[in-house]
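Some notes on the structure that comes next.
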Amino acid sequence: MGVTRVLFVCLGNICRSPLGEGIFRRMARERGIEVEVDSAGTGDYHIGELPDHRARSVGAQRGCDMSMRARQFRSADFQDFDLIVVMDHANLRTVQKWAGAIPGKVRLARSFDPNAEDEVVPDPYYGDVEDFEEVATMLEAASGGILDEISAEPAKR
Ligand code: 4NP
């Protein structure tokens with residue numbers, strides 16, 4: 001029996017997935033659920049960078065550690081994580097085509113939110129801080145749903 005390992009994935013790993021990582025880690029701690037969490041990008045544009053300054057500020061205001069560094073998704077992630085949470089359909093397609101893919105492990109973040117009005121967490125990179133706030137709110141709802149699922153089926157491996 002191990003802790004559930006969750007990986008958040010977006011394109012750049014500097015906006016949406018680090019917010020997902022930070023929010024999910026904070027909410028798991030608040031609920032007393034032990035998890036391992038990380039994030040990655042399908043692209044290699046921002047490897048080694050801190051999250052975007054707007055993601056850092058919105059995450060920090062919501063009590064999240066935002067000191068992670070961007071990395072690219074890798075084939076080993078299919079073995080190293082129980083659940084791979086993607087933001088949009090482009091992420092989903094890219095990850096499912098990756099070498100070593102285990103497609104059943106990959107799900108859209110908002111599929112965990114029963115009240116979601118759309119399937120995707122939109123890319124806020126070319127938006128403003130309001131867009132980052134909306135992304136964070138979507139990821140809080142999604143993280144709540146993921147944690148509900150983890151607590152309903154403990155020890156999946
Ligand atoms: P993210 O946003 O996928 O939420 O991290 C993006 C950040 C940077 C780029 C694209 C999306 N970019 O093309 O540089």
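One-based numbering, in listed order, for ligands and for the atoms of each.
- Cluster annotation: Leu83 is not connected to Phe73 through the hydrophobic network of ILVMFWY side chains, with a link wherever side-chain heavy atoms come within less than 4.5 Å.
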List below, pair by pair, the N or O atoms of ligand 1 and of the protein that are less than 3.5 Å apart, including the distance to 0.1 Å; reply 'none' if no pair qualifies.
from     : atom 1 : to     : atom 2 : distance (Å)
ligand 1 : 2 (O)  : Asp123 : OD1    : 3.2
ligand 1 : 3 (O)  : Leu11  : N      : 3.0
ligand 1 : 3 (O)  : Gly12  : N      : 2.8
ligand 1 : 3 (O)  : Arg16  : NH2    : 2.9
ligand 1 : 4 (O)  : Arg16  : N      : 2.9
ligand 1 : 4 (O)  : Arg16  : NE     : 2.8
ligand 1 : 5 (O)  : Gly12  : N      : 3.4
ligand 1 : 5 (O)  : Asn13  : N      : 3.2
ligand 1 : 5 (O)  : Ile14  : N      : 3.1
ligand 1 : 5 (O)  : Cys15  : N      : 2.9
ligand 1 : 14 (O) : His46  : NE2    : 2.8

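- Salt-bridge check for Arg54 with Asp128: failed, with every basic side-chain N at 4.0 Å or more from each acidic carboxylate O.
- Between Arg31 and Asp148, at least one side-chain N (NZ, or NE/NH1/NH2) sits under 4.0 Å from a carboxylate O, which counts as a salt bridge.
- Classification of Arg62 and Glu133 as a salt-bridged pair holds, one side-chain N sitting under 4.0 Å from a carboxylate O.
- With a 6.0 Å cutoff to the six-membered ring centre and a 45° limit on the axis angle, Arg16 does not count as a cation-pi contact of Phe8.
- Taking the charged nitrogens against the carboxylate oxygens, Arg26 and Glu140 do have a contact shorter than 4.0 Å, which makes a salt bridge.
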